[in-house]
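Positions are given from 1 along the sequence. All values below come from the heavy atoms of this structure, side chains included, with hydrogens, waters and symmetry mates left out.
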Amino acid sequence: MSAIKRVQWNSLRPDADGRPADQVPVFIVGLHRSGTSLVERILGASPDAHNLGETERLSAALRYGADMHTESVPDIALLTRTGQIDFLRVRKVFEEVARAQSGGKRFVTEKSPANFLNIGFIQQALPHARILHMRRDPIDIRFANYREHFAAQVTHTHALDDLIDYHGLYEDLMRYWRACSSGFVLDVDYERLVSDPETEARRIFTFVGVEWRADAVAIERRTADPVATLSSVQVRRPVNTASIGRWRAYAPWLAKLIDAFPDATATD
């Protein structure tokens with residue numbers, strides 16, 4: 001992640017062709033198990049929004065704009081060529097696919113959590129986009145990652161030491177994005193969202209620019225909407241706080257994790 005911070009983002013040639021945006025992409029980012037599927041489900045209540053789900057659309061568009069293949073996005077090879085990326089091409093490729101799959105709806109959501117690594121690219125290629133960054137209690141989210149089996153490329157969830165180190169790098173990068181992308185990212189706390197769904201959902205809708213719907217947080221009613229992630233069961237239930245503090249039952253085996261985040265237990 002340090003290589004991301006070395007890029008001179010402000011000196012790049014962003015998409016600046018002056019075309020008005022006929023569709024607003026909404027990127028929902030964060031760590032895995034932070035509530036990205038929940039927010040996508042809530043925004044999907046709007047008839048003006050289409051959920052693209054968790055995909056590689058942005059990565060594919062960036063590879064196309066850079067005219068190169070990379071094993072992952074971003075990687076060192078892509079970051080070293082950032083100055084040569086055609087961001088207008090990135091935008092066109094992403095928008096073409098998004099419009100075709102959304103039926104031309106005004107808003108599309110893309111909820112790949114790891115796109116928090118690509119916020120600089122998003123701001124260059126899609127300056128009209130909105131980014132929702134999901135935050136969650138550090139012990140809760142690290143435990144939630146530790147207890148799940150993810151795809152092969154998610155390698156930092158298999159050991160507590162790796163989880164702790166990755167969390168520190170992630171927090172540092174998000175502080176960097178906030179400093180250089182003021183107003184582009186809205187932080188959304190998972191705990192606030194599940195404790196007071198309507199208040200937080202209204203804040204999200206306002207930031208994105210979507211008209212508010214009274215049934216937005218009644219996610220359990222939209223059982224026909226597809227979900228292809230580990231959250232497929234949770235998002236078919238009413239919004240609830242059951243996942244808050246779930247790690248406490250396993251505290252005797254999580255001493256290393258607990259010691260790494262003393263502020264999370266300071267009020268116990």
Side-chain angles (χ1 to χ4, degrees), residues 1-32 36 52 54-101 107-134 151 153-156 165-187 207-208:
M1 295 187 199
S2 60
I4 297 173
K5 294 168 60 177
R6 288 196 293 270
V7 174
Q8 299 297 314
W9 296 103
N10 292 334
S11 66
L12 299 179
R13 297 176 291 106
D15 165 35
D17 68 346
R19 288 186 299 117
D22 58 1
Q23 189 175 72
V24 178
V26 183
F27 294 91
I28 309 170
V29 307
L31 295 177
H32 293 282
T36 55
L52 294 173
E54 187 171 330
T55 77
E56 293 290 323
R57 290 177 182 85
L58 178 63
S59 296
L62 284 167
R63 290 186 178 101
Y64 193 83
D67 193 23
M68 66 180 295
H69 173 73
T70 63
E71 292 299 324
S72 61
V73 173
D75 66 1
I76 296 298
L78 181 64
L79 290 168
T80 57
R81 288 173 57 97
T82 302
Q84 286 74 53
I85 293 176
D86 185 340
F87 287 109
L88 178 56
R89 178 178 292 183
V90 174
R91 172 178 174 174
K92 287 180 177 178
V93 170
F94 184 89
E95 288 184 338
E96 181 178 344
V97 175
R99 277 196 298 267
Q101 296 185 342
F107 300 89
V108 290
T109 66
E110 161 63 77
K111 60 140 289 207
S112 294
N115 274 333
F116 79 87
L117 297 165
N118 295 317
I119 289 176
F121 289 126
I122 295 171
Q123 191 165 25
Q124 297 297 319
L126 300 156
H128 56 290
R130 299 289 184 268
I131 297 181
L132 301 172
H133 167 230
M134 294 303 300
Q153 63 268 29
V154 186
T155 59
H156 64 275
D165 290 344
Y166 191 87
H167 191 279
L169 294 171
Y170 148 77
E171 289 281 12
D172 179 67
L173 184 60
M174 287 310 306
R175 284 192 292 270
Y176 171 78
W177 290 135
R178 291 188 196 99
C180 64
S181 305
S182 178
F184 195 59
V185 180
L186 178 70
D187 291 320
F207 176 79
V208 172

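- Remark: Tyr176 engages no residue in a ring pair (Phe, Tyr, Trp, His ring centres under 6.0 Å) (not counting sequence neighbours).
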Atom pairs and distances, donor-acceptor, side-chain atoms in residues 168-175, under 3.5 Å, two or more places apart:
unit_1 : atom_1 : unit_2 : atom_2 : d
Tyr170 : OH     : His133 : NE2    : 2.6
Asp172 : OD2    : Lys5   : NZ     : 2.7

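- Under the side chain to side chain contact (heavy atoms under 4.5 Å, CB included) criterion, Ala98 pairs with Gln23, Leu52, Phe94, Val108, sequence neighbours left out.
- Arg57 meets the side-chain hydrogen bond (donor to acceptor under 3.5 Å, both in side chains) test with Thr55, Gln101; sequence neighbours excluded.
- Applying the side-chain hydrogen bond (donor to acceptor under 3.5 Å, both in side chains) criterion to Arg178, with sequence neighbours excluded, gives Asp187.
- Applying the side chain to side chain contact (heavy atoms under 4.5 Å, CB included) rule to Glu96 yields no partners; only residues at least two apart in sequence or on another chain are considered.
- Considering only residues two or more places apart in sequence or on other chains, Asp75 meets the side chain to side chain contact (heavy atoms under 4.5 Å, CB included) condition with Thr70, Ser72, Ala77, Leu78.
- Legend: residues meeting side-chain hydrogen bond (donor to acceptor under 3.5 Å, both in side chains) with Ser181, ordered by chain and number and at least two apart, are Gln123.
- A search for side chain to side chain contact (heavy atoms under 4.5 Å, CB included) contacts involving Thr80 returns Ile76, not counting sequence neighbours.
- Partners of Ser59 according to the side-chain hydrogen bond (donor to acceptor under 3.5 Å, both in side chains) rule, which considers only residues two or more places apart in sequence or in another chain, are Glu56.
- Side-chain atoms of Trp177 do not come within 3.5 Å of backbone N or O of Phe184 as any donor-acceptor pair.
- With hydrogens and angles ignored, the 3.5 Å screen pairs a side-chain donor or acceptor of Asp86 with a backbone N or O of Arg89.
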